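Data first, discussion second: the structure below is written as structure tokens.
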Amino acid sequence: MMNTLGIVLAGGLSSRYGSPKAFAQADGMAYYEIAVHALKGICSQVIIVGREEHRECYHPEMSMVTDVEPFRGCGPLAGIYSAMTISPASRYAVLPCDMPNMRPEVMETLVKYCADEDVIAVQADGVYHPLVAIFDQRLKSAIRQSLEHGQYSVMKLLKQVKTTWIQANELTVNTELVFRNMNTPG
């Protein structure tokens with residue numbers, strides 16, 4: 001069985017949201033807790049990649065890391081690379097912290113599509129979700145190379161590697177709700 005590590009990306013500035021999205025609440029749970037819950041069924045461990053100034057805000061039993069130098073603050077690609085560097089695994093199940101309607105069964109179904117590609121990610125109603133994905137460990141050096149060249153776009157990287165896009169309606173019937181990013185409160 002493949003060793004899958006879960007990565008919850010929670011290091012953004014949340015500038016449009018107005019406060020750290022990771023700690024916003026839905027149904028009595030913080031957004032980051034919802035993402036962790038969605039990953040636990042398919043992962044041997046789940047870590048949160050966040051900002052140092054928020055470390056004390058997470059539950060003490062949560063594993064929280066920050067971006068590795070020299071890529072601190074360089075976006076989600078740096079967060080994925082940092083998790084790969086700090087916690088080696090065969091593959092990485094990635095979720096952003098701002099999808100409070102994500103469910104474990106969606107990620108459980110997504111991981112079943114894994115074959116020999118570098119990345120499996122989701123496309124919902126014509127919208128690409130490169131951060132709802134499974135990354136193979138062999139991408140670590142390609143990600144580092146991108147970061148070293150100042151190329152921080154996850155989509156740009158996914159266009160350069162073997163990526164399979166899974167249609168969201170293969171994962172859930174309620175694609176609009178499940179794959180909605182919360183960029184503003186309410």
Side-chain angles (χ1 to χ4, degrees), residues 4-67 71-84 86-87 89 91-111 119-125 127-135 152-155 166 168 171-186:
T4 304
L5 180 85
I7 302 171
V8 175
L9 297 170
L13 295 174
S14 303
S15 51
R16 286 177 286 172
Y17 200 80
S19 62
K21 287 190 264 186
F23 308 111
Q25 298 273 316
D27 299 323
M29 291 176 73
Y31 284 9
Y32 83 87
E33 293 172 313
I34 294 167
V36 168
H37 178 70
L39 292 171
K40 274 193 169 177
I42 61 167
C43 298
S44 54
Q45 179 188 6
V46 178
I47 64 172
I48 299 161
V49 182
R51 301 175 66 78
E52 185 60 46
E53 62 266 27
H54 299 141
R55 183 178 296 276
E56 299 301 316
C57 300
Y58 294 101
H59 290 296
E61 70 273 4
M62 296 286 177
S63 295
M64 198 287 268
V65 300
T66 59
D67 290 341
F71 307 121
R72 185 148 299 153
C74 292
L77 205 53
I80 294 166
Y81 176 77
S82 297
M84 289 176 147
I86 294 165
S87 297
R91 64 185 178 198
Y92 299 84
V94 178
L95 273 180
C97 72
D98 62 356
M99 290 185 152
N101 300 304
M102 184 54 65
R103 297 291 173 253
E105 54 272 14
V106 172
M107 295 307 291
E108 289 164 8
T109 305
L110 181 63
V111 79
V119 180
I120 291 187
V122 177
Q123 182 181 12
D125 305 316
V127 177
Y128 290 96
H129 293 278
L131 300 180
V132 180
I134 312 293
F135 280 68
Y152 305 135
S153 168
V154 177
M155 279 301 292
I166 304 299
L171 307 173
T172 181
V173 295
N174 200 344
T175 60
E176 187 179 333
L177 179 66
V178 170
F179 292 96
R180 180 181 300 142
N181 288 79
M182 301 304 286
N183 291 316
T184 56

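What you see is a predicted model, and the numbers here were worked out from it, not measured in a lab. Numbering of residues begins at 1 and proceeds along the displayed sequence.
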For the atom pair OH (Tyr152) and OH (Tyr81), what is the distance rounded to the nearest 0.5 Å? 13.0 Å
For Glu108, enumerate each residue passing the side chain to side chain donor-acceptor pair (under 3.5 Å) test, keeping only those at least two apart in sequence or located in another chain. none
To the nearest 0.5 angstrom, please state how far the CD1 atom of Ile134 sits from the OG1 atom of Thr4. 7.0 Å
To the nearest 0.5 Å, how far apart are CZ in Arg180 and OG1 in Thr175? 10.0 Å
Going by the rule side chain to side chain donor-acceptor pair (under 3.5 Å), which residues pair with Thr109 if we only count those two or more places apart in sequence or in a different chain? none
Nearest-0.5 Å distance, CD of residue Glu53 to OG1 of residue Thr66: 10.0 Å
Please identify each residue that fulfils side chain to side chain donor-acceptor pair (under 3.5 Å) with His59, with sequence neighbours left out. Glu33
Under 3.5 Å: donor-acceptor pair, side chain of Asp67, backbone of Gly73: yes
Minimal heavy-atom distance between Ala168 and Val122, with the atoms involved, is CB-CG1, 3.8 Å
Shortest non-hydrogen contact between Phe135 and Pro130, atoms and distance: CE1-O, 4.0 Å
Distance-minimising heavy-atom pair for Leu77 and Ser153: CD2-O, 4.0 Å
Should we count NE2 of His54 as having more than 12 external heavy atoms under 6.0 Å? yes
Is any side-chain heavy atom of Val36 less than 4.5 Å from a side-chain heavy atom of Met62? yes
Indicate the atoms forming the closest heavy-atom contact of Ala133 with Val119, along with that distance. CB-CG1, 4.1 Å
Can you list the residues that meet the salt bridge (Lys or Arg N to Asp or Glu O under 4.0 Å) rule with Glu105, with sequence neighbours excluded? none
Closest non-hydrogen atom pair between Ala83 and Leu5, with its separation: O-CD2, 4.3 Å
Val132 side chain near Met102 side chain, heavy-atom distance below 4.5 Å: yes
Please examine the side chains of Glu52 and Arg72, heavy atoms only from C-beta on, and report whether any two atoms are closer than 4.5 Å. no
Applying side chain to side chain contact (heavy atoms under 4.5 Å, CB included), name anything that partners Ala10, two or more places apart in sequence or on another chain. Ala22, Ile48, Tyr58, Cys97
For residues His37 and Pro104, determine if any side-chain heavy atom of one lies less than 4.5 Å from a side-chain heavy atom of the other. yes
With Leu95 as partner, the option from Leu9, Ile7, Ile34, Leu39 fulfilling side chain to side chain contact (heavy atoms under 4.5 Å, CB included) is Leu39
Rounded to the nearest 0.5 Å, what separation is found between the CD atom of Gln45 and the NZ atom of Lys40? 11.0 Å
Apply the test side chain to side chain contact (heavy atoms under 4.5 Å, CB included) to residues Met99 and Leu131: give CA-CA distance (whole Å), side-chain angles for both, the deciding distance (0.1 Å), then the verdict. CA-CA 10 Å; Met99 290 185 152; Leu131 300 180; over 6 Å; no
Ile47 side chain reached by Met64 side chain, heavy atoms, under 4.5 Å: no
Partners meeting side chain to side chain donor-acceptor pair (under 3.5 Å) with Ser87 (sequence neighbours left out): none
Note, Leu171 side chain near Phe179 side chain (heavy atom, < 4.5 Å): yes
Walk me through whether Val49 and Ile80 qualify under side chain to side chain contact (heavy atoms under 4.5 Å, CB included). CA-CA 8 Å; Val49 182; Ile80 294 166; over 6 Å; no
Side chains of Leu110 and Met107: does their closest heavy-atom pair fall under 4.5 Å? yes
